[in-house]
Amino acid sequence: MLRTHTCGDLSEANIGESVTLCGWVDSYRDHGGGLFVDLRDRYGLTQVVFNPPDTSEELIELSKTLRTEYVIQVTGNVAARPEGMANKKMSTGAIELRCTDFKLLNKSKTPPVSPSATGKDLPGEDLRLKHRYLDLRRPEVQRTLLLRDRLIKGMRDYFADHNFADIETPVLGRSTPEGARDYLVPSRVHHGTFYALPQSPQLYKQILMIAGYDRYVQLARCFRDEDLRADRQPEFTQLDVEMSFVDGDDVIGVIDGLVAKLAKEHLGIDVPTPLPRMTYDEAMERFGHDAPDLRFGMELIDCSDLAPKSDFGVFKSVVEAGGHIRAINVKNGTKQYSRRGIDGLTEFVQGLGAKGLAWFRVEEDGKLGGAIAKFFSEELLEEFKERLGTEPGDLILFSADKFAGTCRILHALRTKIAKEMQLYEPDTMNFSWVVEFPMFDYDEDTKSWTAMHHPFTAPLEEHLELLKTDPGKCRAQAYDLVINGSEAGGGTVRIHDSEVQSQVFELLGIDEQTASERFGFLLDALQYGAPPHAGIALGVDRWVMLFAKLDNIRDCIAFPKTQKAGDLMTDAPGTVDAKQLKELAIKLDM
RNA sequence: GGCGCCGUAGCUCAAUUGGUUAGAGCACUGGACUGUCGAUCCAGAGGUUGCGGGUUCGAUUCCCGUCGGCGUCGCCA
């Protein structure tokens with residue numbers, strides 16, 4: 001070992017000891033006669049002093065060549081800092097290391113990304129990704145990755161304690177017809193065929209249930225070749241779980257326990273279980289989104305029955321066309337949003353595809369004011385006031401659109417406004433379940449049904465008949481874990497009955513031959529004594545993001561991809577040799 | 001693929017309606033200094049204003065295209 005302690009270890013208890021530290025020069029202060037260095041490693045910062053009499057003239061001369069990010073090994077005496085010189089901002093600020101010997105282990109070029117930069121001095125993200133090894137030295141990033149390590153350790157321990165078996169599944173698999181775009185890997189042995197990287201180990205874990213491994217868990221790397229977002233990477237980690245002889249409540253109960261444990265250990269908060277649940281339909285009614293942020297209210301209010309009574313043309317025509325008029329009441333919103341501010345909100349919703357933004361301002365005397373008020377009779381305005389629960393100072397924002405459109409617009413407004421008006425404490429954590437998702441989405445373009453979750457999801461038992469009569473109303477035994485308005489995990493009870501499975505495939509327009517080609521192995525397996533089973537997958541990267549209070553998933557991953565799915569450090573993806581292409585029988589057509 | 005924001009010194013930023021030699025802080029180089037802690041003081045060096053084209057007497061500034069980063073919609077069973 002080149003060191004006896006780390007840069008976070010030493011305190012007044014070590015005064016008088018001779019110790020050796022290794023680390024990077026975080027900063028240096030040259031005083032002519034002597035020199036101070038803040039030495040950094042993963043564990044902290046320690047001040048090293050190169051001063052007579054402890055340090056020889058020769059070593060002081062050498063110390064003057066030190067620059068930031070040089071790597072050194074220092075031996076010295078731990079000493080209390082002189083009277084009044086303690087640094088309360090440092091955890092090791094009571095002591096310092098007085099150098100008696102040191103060795104330059106390595107030099108560094110002037111770093112383009114300074115590990116000690118914070119706030120607005122932080123270099124651009126492209127530069128930090130290019131020099132990721134420097135960015136990863138930043139204490140803030142190290143804290144996040146180490147939190148990630150602890151969360152994963154907590155997950156592994158929890159499932160091990162509950163008798164789950166960790167079983168690995170292949171990365172090279174076969175492309176499935178539905179879902180996200182696959183990442184493909186060409187086969188050298190079978191020209192013209194391709195493996196697909198897994199979007200999730202879904203089918204394998206069901207096979208494991210059929211094979212009798214009744215409690216399975218895996219930290220699985222998943223791949224989806226779709227466009228990126230602040231909370232979405234093409235390559236991500238799922239905590240994948242599957243259980244046999246259980247129903248959805250059992251799976252939810254297991255995850256409730258995990259949430260409570262990790263929230264206690266890493267956030268120091270007591271989360272009461274069972275976590276609250278809400279159906280998908282209720283979530284869309286009240287919040288306009290399937291992952292509602294419950295840290296604040298501002299629920300959606302439907303006014304579709306009142307609105308057409310006005311002379312406001314937009315409201316009338318939208319309702320006549322079968323659309324909805326819904327609103328949110330922004331309490332005390334007129335203070336935050338002046339006329340100019342409302343213009344800003346209008347531009348915001350127009351950017352989301354809305355034609356405009358109708359609004360009321362609640363005046364001091366309680367009356368509803370604003371450009372559209374003149375289209376409303378006194379009586380009707382009273383009805384609106386009652387429906388919306390208005391008080392002076394409130395701002396009412398409307399969306400007039402098809403139901404889905406009002407959901408999209410009002411959810412976006414609700415989220416944006418809550419953030420701008422700081423309607424919740426930044427440290428609040430809210431965990432809940434959204435359950436009973438629709439089985440199917442209707443695709444207007446292709447005039448066909450698609451699976452909302454995946455085609456192996458079981459409908460509610462009482463909705464089995466709806467598969468034949470009214471698929472749009474059919475709800476699934478599906479559940480999503482929602483943390484602060486983010487989907488943090490999702491799962492379903494699986495179909496274990498080949499009869500029901502056939503019905504679902506038929507609805508989805510997957511004929512027998514196609515089904516058999518794509519996942520015949522699962523359909524076969526289901527006929528050999530498949531136990532009832534259910535499972536869930538948690539988005540590990542998102543959990544880290546939420547537990548670390550970050551708003552960007554790249555900061556939770558050591559080597560993330562950019563929005564164009566590239567790696568700025570390695571420059572992946574890259575071209576390959578003609579020889580490699582020839583072996584794979586691939587010709588480029590560009 | 002659509003929409004929006006951004007790109008100026010190694011880094012973070014500035015530069016008036018389009019106007020002389022593109023500035024500042026940090027970092028870097030040289031010097032001074034015995035207790036600093038974002039040390040301080042003096043001096044210096046450092047620029048293809050992402051790239052290409054256009055408008056103009058003149059472009060960092062306006063226009064078009066392109067590359068890259070970010071956000072968002074589509075997309076993400």
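Every chain is numbered from 1 and lettered A, B, ... according to where its sequence line falls, protein lines coming before strand lines.
Between A/Thr110 and B/C28 there is no side-chain N or O to OP1 or OP2 distance below 4.0 Å. Side-chain nitrogen and oxygen atoms of A/Lys564 include none within less than 4.0 Å of the OP1 or OP2 phosphate oxygen of B/C70.
Put simply, NZ on A/Lys88 is 19 Å from C1' on B/G38, counting in whole angstrom units. The separation between A/Gln563 atom CD and B/C75 atom P is 17 Å, rounded to whole Å. In this structure, A/His131 atom NE2 and B/G69 atom P are separated by 14 Å, rounded to whole Å. Here the P atom of nucleotide B/C67 and the CG atom of A/Leu568 are 16 Å apart, to the nearest Å. What separates CZ of A/Arg138 from P of B/G38 is a distance of 19 Å, to the nearest Å. Rounded to an integer number of Å, the gap from CG of A/Asp227 to P of B/C70 is 12 Å.
Taking only side-chain atoms of A/Pro123, from C-beta outward, the nucleotide of B/U36, B/U12, B/G71 with the closest atom is B/U12. Among the nucleotides B/C70, B/C73, B/G38, the one closest to the side chain of A/Arg408 is B/C73. Out of B/U36, B/G74, B/C73, the shortest distance to the side chain of A/Arg232 is found at B/G74. The A/Glu96 side chain lies nearest to B/U36 when the options are B/C70, B/U36, B/C75. Of the listed nucleotides (B/G71, B/G35, B/C37), B/C37 has the atom at the smallest distance from the side chain of A/Arg81.
Of the options A/Thr457, A/Asp480, A/Ile536, a side chain to side chain contact (heavy atoms under 4.5 Å, CB included) to A/Thr492 is made by A/Thr457 and by none of the others.
Taking the side chain to side chain donor-acceptor pair (under 3.5 Å) definition, one finds that A/Thr55 meets it with nothing, sequence neighbours left out.
As judged by a 4.0 angstrom heavy-atom cut-off over every strand, A/Leu228 is placed among residues making no nucleic acid contact.
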Which pairs, protein N/O on one side and nucleotides 39-41 of chain B N/O on the other, fall under 3.5 Å?
from  : atom 1 : to      : atom 2 : distance (Å)
B/A39 : OP2    : A/Arg29 : NH1    : 3.1
B/A39 : N6     : A/Asp30 : O      : 2.8

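Between A/Trp449 and A/Tyr442, the ring planes lie perpendicular to each other; the angle is over 60°, past the 30° to 60° tilted range. Using bins of under 30°, 30° to 60° and over 60° for the plane-to-plane angle, the ring pair A/Phe36/A/His31 lands in the perpendicular bin.
Residues from residues 59-70 of chain A lying near RNA chain B, meaning a heavy-atom separation below 4.0 Å, are A/Arg67 in numerical order.
A salt bridge links A/Asp38 and A/Arg29; the closest N-O separation between the charged side-chain nitrogens and carboxylate oxygens is under 4.0 Å.
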